[in-house]
Amino acid sequence: MRNRVTAYSEAEEHEVSNEVANRMSMFYAYPTPMLKMLSNSVTNFVEKNQALPLENTTDIFSTMANLCRCMIEDPAIVARFKNEGTVLFVLRVMVGAIILYDHVHPVGAFYRKSNIDIKSSIRLLKDQPPNTVETLLNALRYSTRHANDEETPSVVKKMLADQ
């Protein structure tokens with residue numbers, strides 16, 4: 001009991017300011033904690049249910065990503081959105097589906113024969129106002145597992161690298 005009280009009182013003496021804590025979190029925290037949790041959950045689901053074909057899970061994410069991309073590429077569909085934030089929401093869903101696909105699929109979303117049209121997805125993001133989608137492009141750059149693989153086409157790497 002004495003050790004706990006001593007340890008607790010010492011912890012109070014070494015309080016960390018918010019600024020220092022924020023700087024430290026850059027090195028210790030996940031950049032997208034919610035996406036990390038989803039990715040871990042889907043990966044655990046796939047590992048625990050090996051009787052289910054992996055394609056069942058990855059096809060859901062590739063279909064969602066491609067559907068979101070097609071929705072935003074079609075001006076007639078975008079014109080039917082009543083809320084201007086809907087486009088950004090659909091883009092977020094697209095990027096989230098790409099990242100989840102990339103984490104679950106063995107070769108990832110950036111592979112040449114992937115079910116996701118990654119070039120069109122990146123091009124669509126780059127066609128949006130830069131201040132609204134920069135975080136989504138950064139998520140693709142830094143939260144994916146296979147973006148920097150050798151098998152990733154150099155065109156895709158260049159598209160992601162260009163600011």
Side-chain angles (χ1 to χ4, degrees), residues 22 25-163:
N22 288 338
S25 72
M26 288 177 43
F27 299 101
Y28 295 111
Y30 292 111
T32 51
M34 181 67 174
L35 204 51
K36 178 67 175 165
M37 181 62 75
L38 283 170
S39 173
N40 287 346
S41 297
V42 171
T43 302
N44 289 338
F45 172 80
V46 168
E47 289 172 358
K48 288 180 182 177
N49 298 293
Q50 292 185 358
L52 293 173
L54 178 64
E55 292 78 25
N56 288 3
T57 305
T58 56
D59 284 352
I60 290 170
F61 296 126
S62 62
T63 301
M64 285 183 64
N66 289 326
L67 179 66
C68 289
R69 179 184 48 77
C70 290
M71 285 173 62
I72 301 300
E73 286 177 339
D74 187 347
I77 294 175
V78 172
R80 292 179 18 200
F81 293 156
K82 294 180 179 164
N83 186 345
E84 61 186 47
T86 305
V87 171
L88 186 57
F89 174 75
V90 173
L91 290 172
R92 287 178 180 149
V93 171
M94 179 188 77
V95 170
I98 291 170
I99 293 171
L100 288 171
Y101 180 95
D102 191 64
H103 278 262
V104 175
H105 198 276
V107 293
F110 299 93
Y111 184 65
R112 196 174 302 278
K113 295 180 182 176
S114 167
N115 289 339
I116 295 175
D117 187 353
I118 197 69
K119 287 187 220 173
S120 294
S121 299
I122 295 170
R123 203 172 300 119
L124 177 66
L125 287 171
K126 290 192 170 232
D127 288 344
Q128 306 303 312
N131 55 348
T132 59
V133 295
E134 190 60 35
T135 55
L136 298 177
L137 287 167
N138 284 338
L140 286 178
R141 289 179 187 119
Y142 306 119
S143 296
T144 52
R145 191 175 279 175
H146 299 282
N148 294 317
D149 286 359
E150 290 179 19
E151 293 81 22
T152 300
S154 58
V155 173
V156 173
K157 286 182 182 179
K158 184 173 177 6
M159 288 175 77
L160 280 175
D162 291 343
Q163 302 259 339

>> Are Thr86 and Asn83 packed together at the side-chain level, in the sense that at least one heavy-atom pair is separated by less than 4.5 angstrom?
In response: yes
> Which heavy atom of Met94 sits nearest a heavy atom of Ala65, and at what distance?
Replying inline: CG-O, 3.5 Å
> Does Gly108 offer a backbone N or O that forms a donor-acceptor pair with the side chain of Asp102 under 3.5 Å?
Replying inline: no
>> For a side chain to side chain contact (heavy atoms under 4.5 Å, CB included) check, start with the C-alpha distance between Val42 and Phe61, then their side-chain angles and the critical distance, and finish with the verdict.
In response: CA-CA 11 Å; Val42 171; Phe61 296 126; 3.8 Å; yes
>> For a 4.5 angstrom cut-off between non-hydrogen side-chain atoms, does Thr63 reach Tyr101?
In response: no
>> Donor-acceptor check, side chain of Asn66 to backbone of Ser62, threshold 3.5 angstrom: yes or no?
In response: yes
> Is a donor on one side and an acceptor on the other found under 3.5 Å between the side chain of Lys119 and the backbone of Met159?
Replying inline: no
> Any donor-acceptor pair under 3.5 Å linking the side chain of Asn56 with the backbone of Leu52?
Replying inline: no
>> Around atom CZ of Phe81, are there more than 12 heavy atoms from other residues, nucleotides or ligands closer than 6.0 Å?
In response: yes
> Among all residues two or more places apart in sequence or in another chain, which pass the side-chain hydrogen bond (donor to acceptor under 3.5 Å, both in side chains) test with Asp74?
Replying inline: none
>> If the condition is side-chain contact (heavy atoms from CB on, under 4.5 Å), which residues does Pro75 pass it with, not counting sequence neighbours?
In response: none
> Does any N or O in the side chain of Arg141 come within less than 3.5 Å of the main-chain N or O of Leu160, such that one atom is a donor and the other an acceptor?
Replying inline: yes
> Are side-chain heavy atoms of Lys113 and Val107 found at a separation under 4.5 Å?
Replying inline: no
> Minimum heavy-atom separation for Val93 to Met64, with atom names?
Replying inline: CG1-CE, 3.8 Å
> To the nearest 0.5 Å, how far apart are OG1 in Thr132 and CG in Leu91?
Replying inline: 7.5 Å
> If we only count heavy atoms from C-beta on, is the Thr58 to Asn115 side-chain gap below 4.5 Å?
Replying inline: no
> Do other residues, nucleotides or ligands put more than 12 heavy atoms under 6.0 Å from Asn148 CG?
Replying inline: no
> How long is the span from the OG1 atom in Thr144 to the CG atom in Leu35, to the nearest 0.5 Å?
Replying inline: 10.0 Å
> Are Val87 and Gln128 side-chain neighbours, meaning at least one heavy-atom pair lies under 4.5 Å?
Replying inline: yes
> About how many Å separate CG of Leu136 and CG of Leu88, when rounded to the nearest 0.5 Å?
Replying inline: 6.0 Å
>> Give me the atom names and distance for the closest heavy-atom approach of Val78 to Met71.
In response: CG2-O, 3.6 Å
> Between Ser121 and Ile116, is there a donor-acceptor pair closer than 3.5 Å when you use the side chain of the first and the backbone of the second?
Replying inline: no
> How many angstroms lie between atom OG1 of Thr43 and atom NZ of Lys48, to the nearest 0.5 angstrom?
Replying inline: 11.5 Å
> Is there a donor-acceptor contact under 3.5 Å from the side chain of Gln50 to the main chain of Val46?
Replying inline: no
>> Quick one: does any side-chain atom of Asp117 pair with a main-chain N or O of Ser120 as donor and acceptor, under 3.5 Å?
In response: yes
>> What's the separation between atom CZ in Phe45 and atom CG in Asn40, rounded to the nearest 0.5 Å?
In response: 15.0 Å
> Would you find a donor on one side and an acceptor on the other, under 3.5 Å apart, between the side chain of Ser114 and the backbone of Phe110?
Replying inline: no
> Can you tell if the side chain of Val95 reaches within under 4.5 Å of the side chain of Leu125, non-hydrogen atoms only?
Replying inline: yes
> Do you know the tightest heavy-atom contact between Pro106 and Leu54?
Replying inline: CD-CD2, 3.4 Å
> Out of curiosity, Glu55 CD to His105 NE2, how far, rounded to the nearest 0.5 Å?
Replying inline: 6.5 Å
> Is a donor on one side and an acceptor on the other found under 3.5 Å between the side chain of His103 and the backbone of Ser143?
Replying inline: yes
